[in-house]
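Worksheet: the structure to be examined is printed underneath.
Fair warning: this is a prediction, and the values are worked out from it, not measured in the lab. The figures here come from the full heavy-atom set of this structure, side chains too, leaving out hydrogens, waters and symmetry mates.
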Amino acid sequence: MSETALKAPGVTANSGDANRWKALVFIALAQLMVVLDATIVNIALPSAQQDLGISDGNRQWVITAYALAFGGLLLFGGRIADLWGRKRAFVTGLTGFAAASALGGAATTGAMMFGARALQGVFGALLAPAALSLLAVMFTDAKERAKAFGIYGAIAGGGGAVGLILGGFLTEYLDWRWTFFVNVPFAIVAALGAYFVIREPKGGRNRSPLDIPGVILSTLGLVALVYGFTRAASDGWGDTLTVSMFVASVVLLLAFVLVESRVKAPLLPLRVVRDRNRGGVYLSLGLAIIGMFGLFLFLTYYLQIVKGYSPVKTGFAFLPMIVGMITGSTQIGARLMTRTPARLLMGPGFLVAGIGMLLLTQMEIGSSYAALLLPAMLLLGLGMGTAFMPAMSLATTGVEPRDAGVASAMVNTSQQVGGAIGTALLNTIAASAKTSYIKDHIAGAASKPQQQLVGLQGMVHGYTTAIWFAVGILGLAALIAFTFVNAGRPGSTTVATGDGQGVEDEVPVPVVAH
């Protein structure tokens with residue numbers, strides 16, 4: 001097989017585009033903006049709710065409107081990136097996201113806020129897969145790809161915690177509206193930089209006609225799934241509408257798979273997910289995010305309510321996790337990715353994060369930050385950073401250029417759905433354990449201070465109970481990584497031959513054609 005057949009169209013094995021490292025700066029900036037937005041609004045939510053007169057029953061829509069639009073449209077956004085070209089989709093996504101953020105910051109009513117958040121989700125669903133697929137097609141040399149995905153993985157993993165710090169500062173010292181307005185300069189700089197710097201390799205577009213039935217079925221199916229889990233967190237798993245959403249989601253997604261197996265130009269070519277390595281990455285990443293999202297929520301409440309931290313102090317308390325993630329991504333994952341099979345980074349990474357989570361099961365009201373929370377967060381960050389980096393790279397390695405957007409969208413979809421499941425599942429477990437604890441111990445609390453103490457003890461008991469489940473979920477993610485992911489190091493890749501059989505061949509770049 002000739003060396004030419006192994007390269008992405010328009011890309012040389014070792015050089016790639018001369019501006020690719022400059023482009024990485026703007027792609028990383030855009031990714032940071034999207035990840036920040038997932039947590040920065042959480043800190044500002046109480047202030048925004050009060051200013052706009054949003055009821056307790058409706059406040060969840062500030063989060064849910066974004067999650068539904070983003071999670072439901074990701075596959076469509078990935079396909080549009082493949083059709084239009086990633087650069088055009090990336091710049092359009094950034095421009096729309098900036099406009100939606102400005103609308104959210106200027107909101108005068110709850111409905112205006114919900115609409116702005118939904119618009120952010122729509123443009124985020126176009127932006128996120130375009131950003132990841134640009135990396136996939138621009139960085140083709142194995143060592144360069146490792147460095148690029150190391151930086152991207154650190155931002156994807158640590159950006160949420162940065163959002164807590166930034167959200168705390170903006171809310172405490174300026175105004176909640178700045179948690180929206182701050183996206184505008186980010187987006188303008190990234191869009192201008194991308195427009196002038198990014199040179200997308202030619203020949204990678206998928207110009208097939210759009211699979212409309214696939215778009216409708218996947219969007220409705222994912223929206224039903226995300227909404228089902230979001231509703232379960234507030235209304236319970238037995239709620240009629242919650243159950244109906246889950247049933248509808250299963251039916252719609254099964255119909256989607258059936259349609260995709262039969263149409264000529266599918267929205268999600270099944271070859272993308274049928275590959276055991278990519279399937280293992282999507283599944284293990286989704287599970288890991290389930291544990292992480294629940295933990296962010298619990299630790300935020302624990303630090304602010306139980307320990308009495310201010311929003312800014314709470315944000316800074318997450319710094320060790322960010323340091324751990326950056327170290328794991330850039331110093332461990334990026335350095336070892338070209339020498340070690342992905343499963344030997346992903347599996348141990350998830351296990352190290354699981355050990356950090358295990359430490360947090362010992363959390364009590366009087367737990368020391370330095371003795372317990374600090375080492376736990378360092379281990380969590382280190383493990384997740386080490387695992388995320390090779391996972392994100394592997395998810396887009398070996399994909400045909402015309403499928404890069406959709407493969408990238410599947411990474412984001414697994415994370416988004418994982419986040420919705422994690423928040424709902426672990427929240428429900430924590431609430432149930434808290435209620436049970438208070439019921440068993442409240443009788444012995446005669447005075448009001450004693451009753452308040454039992455309430456706090458019940459809250460912490462609920463968190464630690466849910467964290468035990470998160471430990472098990474991370475263990476399962478590690479098991480899937482060890483058993484499903486069997487790709488060798490990037491320098492030694494299985495090359496598909498014309499008869500459908502694979503042969504081992506030393507190649508200088510990840511394989512991009514089947």
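One finds the CE atom of Met337 at 14.5 Å from the CD1 atom of Ile332 (value rounded to the nearest 0.5 Å). Distance check, rounded to the nearest 0.5 Å: CG of Leu32 to CG of Asn183 gives 9.5 Å. Taking CG of Leu373 as the start and CE of Met321 as the end, the distance is 9.5 Å to the nearest 0.5 Å. A distance of 6.5 Å separates OG of Ser284 from CD1 of Ile480, quoted to the nearest 0.5 Å. If you take CD on Gln331 and CD1 on Ile326, they are separated by 10.0 Å, rounding to the nearest 0.5 Å. Interatomic distance, Leu474 CG to Met292 CE, rounded to the nearest 0.5 Å: 8.5 Å.
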message: Is there a ring pair (Phe, Tyr, Trp, His ring centres under 6.0 Å) between Phe298 and Tyr302? Walk through the geometry before answering.
response: CA-CA 6 Å; Phe298 296 151; Tyr302 173 77; over 10 Å; no
task: Decide side-chain contact (heavy atoms from CB on, under 4.5 Å) for Tyr195 and Arg88; before the verdict, give the C-alpha distance in whole Å, the side-chain angles of both, and the deciding distance to 0.1 Å.
output: CA-CA 8 Å; Tyr195 183 79; Arg88 186 187 297 176; over 6 Å; no
field: Intermediate values then yes/no, side-chain contact (heavy atoms from CB on, under 4.5 Å), Met112 and Leu52
entry: CA-CA 10 Å; Met112 190 173 168; Leu52 300 178; over 6 Å; no
query: Stepwise, does the side-chain contact (heavy atoms from CB on, under 4.5 Å) test hold for Leu345 with Leu336?
result: CA-CA 8 Å; Leu345 290 172; Leu336 295 180; 3.9 Å; yes
task: For the pair Leu378 and Leu382, evaluate side-chain contact (heavy atoms from CB on, under 4.5 Å) and give the outcome as yes or no after the intermediate values.
output: CA-CA 6 Å; Leu378 274 172; Leu382 206 59; over 6 Å; no
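In this structure, the side chain of Ser218 engages the main chain of Val215 through a donor-acceptor pair within 3.5 Å. Between the side chain of Lys87 and the backbone N or O of Ile198 there is at least one donor-acceptor pair closer than 3.5 Å. Although no hydrogens or angles enter the test, the distance criterion places no donor-acceptor pair under 3.5 Å between the side chain of Arg177 and the main chain of Ala102. In this structure, Gln120 contributes its side chain and Phe97 its backbone to no donor-acceptor pair below 3.5 Å. Under a 3.5 Å cut-off, the side chain of Asp175 and the backbone N or O of Trp178 do not form any donor-acceptor pair. Checking side-chain atoms of Arg117 against main-chain N and O of Tyr66 turns up no donor-acceptor pair under 3.5 Å. For Arg278 (side chain) and Val272 (main-chain N/O), a donor-acceptor pair under 3.5 Å exists by modelled atom type. Here the side chain of Ser329 pairs a donor or acceptor atom with the backbone of Gly385 at under 3.5 angstrom. With hydrogens and angles disregarded, a donor-acceptor distance shorter than 3.5 Å links the side chain of Ser249 to the backbone of Gly221. Here the side chain of Glu260 pairs a donor or acceptor atom with the backbone of Leu267 at under 3.5 angstrom.
You'll find the side chain of Val62 reaches within 4.5 Å of the side chain of Ile54, heavy atoms only. Under the 4.5 Å side-chain criterion, counting only non-hydrogen atoms from C-beta, Leu170 is not in contact with Phe181. Two residues are said to be in side-chain contact when any heavy atoms from C-beta on lie closer than 4.5 Å; Val352 and Thr386 fail this criterion. For the pair Met346/Val281, a side-chain contact is recorded, criterion being any heavy-atom separation below 4.5 Å from C-beta on. Val91 places none of its side-chain heavy atoms less than 4.5 Å from the side chain of Leu94. Counting heavy atoms from C-beta on, the side chains of Leu225 and Met245 never come closer than 4.5 Å. Between Leu127 and Met33 the shortest side-chain heavy-atom distance falls below 4.5 Å. Considering only heavy atoms from C-beta on, Tyr282 stays 4.5 Å or farther from Leu287 through its side chain.
The minimum heavy-atom distance linking Ala470 with Gly291 is given by the pair CB-CA, 4.1 Å. Nearest heavy atom pair, residue Val485 against residue Ala342, reads CG1-CB, 4.1 Å. The two residues Ala481 and Arg343 come nearest to each other via the heavy atoms O-CB, 3.4 Å. The two residues Ala69 and Ala118 come nearest to each other via the heavy atoms CB-O, 3.3 Å. Asp275 and Asn277 get closest at one heavy-atom pair: OD1-N, 3.0 Å. In plain terms, the two heavy atoms of Ala387 and Phe350 that are nearest each other are CB-CE2, 3.7 Å.
Atom CZ of Phe484 is surrounded by 12 or fewer heavy atoms from other residues, nucleotides or ligands within 6.0 Å.
Residues forming a ring pair (Phe, Tyr, Trp, His ring centres under 6.0 Å) with Tyr227 (at least two apart in sequence, or on another chain): Trp61.
For Phe186 and Phe26, the ring centers are positioned 6.0 Å apart or more.
Between Leu73 and the options Val122, Leu126, Ile80, a side chain to side chain contact (heavy atoms under 4.5 Å, CB included) holds for only Val122.
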